[in-house]
Amino acid sequence: MKVVNTIRELDEILVTERQNGAQTGFVPTMGALHEGHLSLVEQCVAENDICVVSIFVNPTQFNDQNDLATYPRTLEEDCRMLEEKGCDLVFAPSEEEMYPEPDTRVFALGRVAEVMEGAHRPGHFNGVAQIVSKLFAIVKPDRAYFGEKDFQQIAVIREMARQLGFPARIIACPIRRESDGLAMSSRNVRLTPTQRQNAPVIAKTLKESTTFVAGKSVEEVKSFVINTINQVPEMEVEYFEIVDGNSLESITDWSETDFPVGCITVYCGPVRLIDNIKY
């Protein structure tokens with residue numbers, strides 16, 4: 001496995017591989033890797049000739065500077081795990097390499113970027129579109145892999161790729177969970193022992209809510225989820241929306257879509273956790 005820090009180094013390697021007919025798979029990450037990330041890498045390795053993983057904590061997608069400052073950075077350990085999984089290339093650029101000058105592009109990504117996370121984190125998805133479009137232009141992947149924990153982000157990236165004409169196939173991979181149900185996240189390491197003990201109530205409550213959808217309205221299911229989680233110490237639901245899984249528009253009646261998805265963000269102390277479930 002090679003670790004490169006510049007666009008030029010990466011391009012030199014990938015140009016040669018493409019000339020030899022290699023199919024390139026790509027997993028963009030911000031590092032602090034866990035089994036969720038590694039499951040994407042495993043699929044990428046299995047389905048492509050070359051597996052490229054980027055590790056870059058992208059400043060333009062953080063609307064909270066404290067969140068950026070406290071985001072875990074574990075490059076050496078990340079590379080060790082990636083090598084074990086068969087990754088071929090790690091691209092770990094500096095901020096100056098990715099942003100030699102400010103990226104002033106503003107994307108018009110439509111409603112998929114305006115609801116839920118888009119409403120609560122202004123500018124976040126524009127920053128995601130900036131960095132992923134840069135990475136797609138550099139890596140030129142045939143396939144790119146993203147985890148379904150970031151359900152809305154996948155819709156945003158698909159729209160960005162459509163608008164800019166990137167041919168990469170965007171592949172959504174299932175959420176990986178801890179043994180107690182908590183969705184794997186790099187932010188989980190910031191939870192105190194008590195918060196970590198309480199955090200699985202998010203997944204537990206979402207799963208329980210699927211068992212009585214047939215007999216309850218959308219609003220009743222939403223109220224159950226929000227009230228159940230908010231009763232747990234140090235936990236507060238920022239939003240819980242049940243949406244059409246394609247348009248991401250909120251629904252008020254189950255008959256409005258054949259693909260309902262519940263998307264939630266919860267503060268567990270100061271740590272912001274996201275999850276989702278398909279109904």
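Keep in mind it's a predicted model, so treat the numbers as computed, not measured. Numbering starts at 1 and runs along the sequence shown.
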Check the pair D64 / R121 against side-chain contact (heavy atoms from CB on, under 4.5 Å), numbers first and verdict last.
-> CA-CA 8 Å; D64 179 345; R121 299 179 69 187; over 6 Å; no
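- Residue L164 is grouped with residue V128 when hydrophobic side chains (ILVMFWY) are merged at heavy-atom distances under 4.5 angstrom, including chains of intermediate members.
- Atom CZ of F146 and atom CZ of F26 lie 7.0 Å apart (nearest 0.5 Å).
- Heavy atoms of other residues, nucleotides or ligands lying less than 6.0 angstrom from CD of E256 number more than 12.
- At a threshold of 4.5 Å between side-chain heavy atoms, the hydrophobic network of Ile, Leu, Val, Met, Phe, Trp and Tyr places L89 and I7 in one connected group.
- Of the possible polar contacts, none joining the S209 side chain to the V225 backbone as a donor-acceptor pair under 3.5 Å is found.
- A donor-acceptor contact shorter than 3.5 Å links the side chain of Q195 to the backbone of T192.
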Decide yes or no on side-chain contact (heavy atoms from CB on, under 4.5 Å) for N230 and E236, but give the supporting numbers first.
-> CA-CA 5 Å; N230 282 348; E236 183 179 354; 4.2 Å; yes
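- In this structure, K140 places its NZ atom where more than 12 heavy-atom neighbours from other residues, nucleotides or ligands lie under 6.0 Å away.
- The hydrophobic clustering, which links ILVMFWY residues whose side-chain heavy atoms are closer than 4.5 Å, places L206 and V271 together.
- Expressed to the nearest 0.5 Å, how far CD of E241 lies from CD of Q152 amounts to 10.5 Å.
- In this structure, V189 and H34 have side chains that are not in contact, with every pair of non-hydrogen atoms separated by 4.5 Å or more.
- What you find for V112 and S247 is that their closest heavy atoms are CG1-O, 3.8 Å.
- In this model, a donor atom of one side chain and an acceptor atom of the other lie less than 3.5 Å apart for E9 and T6.
- Considering all non-hydrogen atoms of both residues, I55 and G31 come closest at CG2-CA, 3.7 Å.
- Under the 3.5 Å distance criterion, the side-chain polar atoms of R73 are matched with a main-chain donor or acceptor of Y71.
- Side-chain contact check for S223 versus E219: some heavy-atom pair is nearer than 4.5 Å.
- A heavy-atom distance below 4.5 Å is not found between the side chains of H37 and V27.
- When atom types are taken as modelled, the side chain of Q130 and the backbone of D103 share a donor-acceptor pair closer than 3.5 angstrom.
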Listed pairs under 3.5 Å, donor-acceptor, residues 156-163 side chains, sequence neighbours left out:
from, atom 1, to, atom 2, distance (Å)
R158, NH2, I170, O, 3.1
E159, OE1, R162, NE, 3.1
E159, OE2, R162, NH2, 2.8
E159, OE2, Q163, NE2, 2.9
Q163, NE2, A108, O, 2.7

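- Going from atom CG of D258 over to atom CG of D244 covers 7.5 Å, rounded to the nearest 0.5 Å.
- At distances below 3.5 Å, at least one donor-acceptor pair connects side-chain atoms of N276 with backbone N or O atoms of E148.
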Trace of the side-chain contact (heavy atoms from CB on, under 4.5 Å) decision for F166 with V132 | CA-CA 11 Å; F166 287 116; V132 176; over 6 Å; no
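- Side chains of T265 and E117: a donor on one and an acceptor on the other come within 3.5 Å.
- Side-chain contact between S39 and M184 is absent, with no heavy-atom pair separated by less than 4.5 Å.
- Within the 4.5 Å cutoff, the side chain of I138 has no heavy atoms near those of the L14 side chain.
- Minimum interatomic distance between T211 and E208 (heavy atoms only, all atoms of both residues): OG1-O, 2.6 Å.
- Taking the side chain as every heavy atom from C-beta outward, F56 and K134 never approach each other to under 4.5 Å.
- Between E12 and R8 there is a salt bridge, with a side-chain nitrogen of the basic residue lying less than 4.0 Å from a carboxylate oxygen of the acidic one.
- Two different hydrophobic clusters hold V52 and L38 under the rule that ILVMFWY side chains link at heavy-atom gaps under 4.5 Å.
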C268 and E234: CA distance, side-chain angles, deciding distance, side-chain contact (heavy atoms from CB on, under 4.5 Å) verdict | CA-CA 6 Å; C268 189; E234 294 191 84; 5.5 Å; no
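- Remark: V45 pairs with V41, C51 by the side-chain contact (heavy atoms from CB on, under 4.5 Å) rule, at least two apart or across chains.
- Between R196 and D180, at least one side-chain nitrogen of the basic residue sits less than 4.0 Å from a carboxylate oxygen of the acidic one, meeting the salt-bridge criterion.
- At a threshold of 4.5 Å between non-hydrogen side-chain atoms, the residues K222 and I242 count as touching.
- Here the NZ atom belonging to K149 is positioned 4.0 Å from the CD1 atom belonging to I274, to the nearest 0.5 angstrom.
- The neighbour count for D253 CG, taken as heavy atoms of other residues, nucleotides or ligands under 6.0 Å away, is above 12.
- Smallest separation of non-hydrogen atoms from I229 and I202: CD1-CA, 4.0 Å.
- Judged by distance alone, the side chain of T29 and the main-chain N or O of S54 form a donor-acceptor pair under 3.5 Å.
- For the residue pair Y99/N58, the side-chain donor-acceptor check at 3.5 Å is satisfied.
- Rounded to the nearest 0.5 Å, atoms CG (L33) and CG (L82) are 5.0 Å apart.
- Transitive grouping of hydrophobic side chains (ILVMFWY, heavy atoms separated by less than 4.5 Å) keeps F240 and F259 in distinct clusters.
- Under the 3.5 Å distance criterion, the side-chain polar atoms of E238 are left unmatched by any main-chain donor or acceptor of Y267.
- Of the possible polar contacts, none joining the W254 side chain to the A214 backbone as a donor-acceptor pair under 3.5 Å is found.
- The NE2 atom of H124 sits 9.5 Å away from atom OG1 of T60, with the distance rounded to the nearest 0.5 Å.
- Between Y279 and I251 there is no side-chain heavy-atom pair separated by less than 4.5 Å.
- Residue E77 places its CD atom among more than 12 non-hydrogen atoms of other residues, nucleotides or ligands, all under 6.0 Å distant.
- The shortest heavy-atom contact between A203 and D275 is CB-OD2, 3.9 Å.
- Closest heavy-atom contact between L40 and C173: CD2-CB, 3.2 Å.
- Legend: residues meeting side chain to side chain donor-acceptor pair (under 3.5 Å) with R169, ordered by chain and number and at least two apart, are absent.
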